[in-house]
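Written below as structure tokens is the structure these notes are about.
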Amino acid sequence: MRDSSGWRPTAYRSHTIGQVVANGADMVGSEVTVAGYAETVRGRGGICFLMLRDGTGHIQAFLKRDNMDETLFNTIQSATRESTIQVTGTVAQKRPPKVAEGDPVPSPEYEVNVSTGAILADAAAPLPVGVIDDVHVGLDVRLDNRHLDLRRAHVNAMFQLRGNVLQYGRDHLISEGFQEINTPKIIAAAAEGGTNLFPMKYFETDAYLSQSPQLYKQLAVLGGLERVFEIGPAFRAEKHDTYRHLNEFISFDIEGAWMDDEDVMGVQERMLHHIWSEVAANDQNLIDVVNEYRVSQGQDPVTVEIPNVPFPRIPYCDAIEIVKAGGGEIEWGNDIESHHCDIIAAQYPGFHFIPRWPMSMKPFYIHHKEEEKGTSGGQLSRGFDLNYGRDEMTSGGQREHRVDVLEENLRNMGLEPADFTFYTDGFRYGAPPHAGWGLGVARLLMVLTGAGNVREVVLFPRDRSRVTP
């Protein structure tokens with residue numbers, strides 16, 4: 001539940017439920033107005049027990065026919081679950097439960113003795129998704145009714161956690177001198193090359209949804225902003241259907257001048273160490289809510305294990321040898337796929353970098369040093385990935401800052417430099433060496449919450465099979 005200690009009164013409530021629960025001892029006898037969802041409605045005849053829930057907590061409202069308008073009493077007593085109800089009454093300490101002699105006495109609890117109230121909105125019945133009931137429905141049904149799915153405690157906790165992760169990451173990047181920027185999401189041409197673009201019309205002009213802030217964050221660095229970051233959406237028109245891919249996703253993206261690949265790997269591992277540390281210090285209550293649900297489903301609880309820094313570096317050439325030694329079929333120059341990553345993860349189960357990929361496997365804008373060759377003699381790049389276990393989390397690297405080399409890289413890949421002047425022109429007037437990366441937010445949440453599908457931790461996921469209204 002949310003910490004609402006600093007929230008101000010609104011038109012519909014004098015206090016949040018969380019404020020009454022936390023400060024009940026000092027509020028006994030005080031009149032309050034609270035509002036929430038009707039979680040349960042119990043009682044017959046002249047009394048009614050209404051359990052109300054808002055985003056900050058639960059509280060019992062006690063209604064007595066003799067103490068309020070009879071019509072209102074009857075209306076609330078017959079309310080459907082999840083209807084929104086406002087009640088006004090006095091705070092009282094609940095009668096403590098009987099406990100066996102010698103057993104600890106539970107902490108006091110508080111309720112509201114209702115004098116008046118109102119049904120703000122009736123909930124239709126039956127509910128398409130259970131909120132407090134253990135009703136098994138598929139992920140598609142849950143996503144079609146996400147507004148109800150979010151009322152489930154563990155789902156709500158995951159999105160509170162997501163918001164905190166964004167803030168912790170932002171705070172850390174700012175602490176290292178990075179400045180937040182916002183880049184265009186409607187673009188005239190590909191930022192990273194390739195065909196995975198969503199076409200659209202910008203008035204009468206052909207345009208695309210941005211697949212990456214790559215070009216713009218580099219131009220910001222070339223313009224002297226030095227260190228920049230963005231937390232924003234990207235769009236990839238890839239026809240995949242996996243547990244970890246979406247066509248629209250949110251990522252942390254950074255770019256830093258006078259930095260190489262090792263420098264920005266350092267930024268990333270420090271940021272992740274900070275995020276995990278803050279979650280461990282501040283958000284165990286949210287992890288506990290997630291774990292309560294996981295245990296109820298027969299799943300292992302998740303733990304927030306703060307990663308040690310620096311993270312292991314497993315150069316591509318070494319990773320190939322690890323896969324081969326583990327029985328995997330792979331050769332130098334092949335992609336390291338998920339089943340290969342399983343072999344690597346047996347030795348490196350947490351966060352680990354895989355740097356120095358072959359230049360032939362990286363985009364034209366990745367930097368390379370001529371003298372850095374792989375075990376097969378092929379050219380290595382200054383590109384890297386970050387994995388957690390079997391899953392790729394990040395792609396990044398040092399960028400090529402010399403325009404003549406950029407153009408030569410394009411030719412080596414069978415591309416025509418004249419088609420990429422929208423990118424290369426930014427490098428013709430002096431460009432500092434620079435590096436950066438992009439890190440998907442949802443994949444971080446998968447690690448923290450144990451979610452088995454990226455759609456679990458995206459509010460309204462958009463993929464090939466689902467177009468959000």
Side-chain angles (χ1 to χ4, degrees), residues 1-44 46-94 108-133 145-160 163 285-286 289 459:
M1 295 296 179
R2 295 182 182 276
D3 175 12
S4 59
S5 56
W7 292 17
R8 301 291 185 89
T10 69
Y12 291 95
R13 59 188 183 187
S14 64
H15 298 79
T16 67
I17 290 174
Q19 288 170 335
V20 177
V21 170
N23 304 304
D26 298 327
M27 298 177 67
V28 171
S30 301
E31 184 177 86
V32 298
T33 298
V34 295
Y37 301 103
E39 194 164 274
T40 59
V41 185
R42 299 180 293 108
R44 292 180 178 274
I47 62 172
C48 174
F49 297 95
L50 168 66
M51 182 61 72
L52 278 180
R53 179 193 72 248
D54 66 8
T56 70
H58 304 72
I59 198 166
Q60 178 174 281
F62 175 68
L63 290 75
K64 192 172 182 181
R65 187 190 302 273
D66 294 344
N67 293 343
M68 58 188 300
D69 178 81
E70 184 172 1
T71 301
L72 175 62
F73 175 88
N74 292 334
T75 300
I76 293 178
Q77 190 175 51
S78 60
T80 52
R81 287 196 296 177
E82 297 303 309
S83 295
T84 51
I85 301 178
Q86 176 194 57
V87 296
T88 297
T90 56
V91 178
Q93 184 174 333
K94 292 176 66 175
E109 296 182 0
Y110 303 91
E111 63 184 4
V112 177
N113 291 333
V114 178
S115 57
T116 188
I119 303 284
L120 302 178
D122 290 309
L127 299 171
V129 174
V131 176
I132 62 171
D133 304 306
N145 297 276
R146 190 59 134 175
H147 52 289
L148 283 177
D149 190 49
L150 283 169
R151 297 185 194 178
R152 302 168 75 196
H154 74 285
V155 178
N156 198 285
M158 287 195 290
F159 285 98
Q160 291 185 55
N285 61 318
L286 299 176
V289 172
L459 194 57

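Owing to the predicted nature of the structure, the values given are computational and were not obtained by experimental measurement. Heads up: numbering here begins at 1 and tracks the sequence.
- For Tyr37, the OH atom sits in a loose shell: 12 or fewer heavy atoms of surrounding residues, nucleotides or ligands are nearer than 6.0 Å.
- Asp3 contributes atom CG, which lies 9.5 Å from atom OG1 of Thr56 (distance to the nearest 0.5 angstrom).
- Interatomic distance, CD1 of Ile17 versus NE2 of His58, reported as 8.5 Å (0.5 Å rounding).
- The line from CD1 of Ile119 to CG of Leu72 is 7.5 Å long, rounded to the nearest 0.5 Å.
- Nearest approach of Val32 to His15, heavy atoms of both residues: CG1-ND1, 3.5 Å.
- Residues Pro128 and Asn145 approach most closely at CG-OD1, 3.3 Å, considering heavy atoms.
- Salt-bridge check for Lys94 with Glu111: failed, with every basic side-chain N at 4.0 Å or more from each acidic carboxylate O.
- Ala123 and Thr80 get closest at one heavy-atom pair: O-OG1, 2.6 Å.
- A 6.0 Å sphere centred on CD of Gln93 holds more than 12 heavy atoms belonging to other residues, nucleotides or ligands.
- Atom CD1 of Ile59 sits about 8.5 Å away from atom CE of Met51, to the nearest 0.5 Å.
- In this structure, CE in Met68 is found 9.5 Å from CG in Asn74, a value given to the nearest 0.5 Å.
- Proximity of a side-chain donor or acceptor of Gln86 to a complementary backbone N or O of Tyr12 within less than 3.5 Å is detected.
- Taking 4.5 Å as the limit, every side-chain heavy atom of Arg151 sits out of range of all side-chain heavy atoms of Glu39.
- Rounding to the nearest 0.5 angstrom, the gap separating the CD1 atom in Ile85 from the CZ atom in Arg53 is 11.5 Å.
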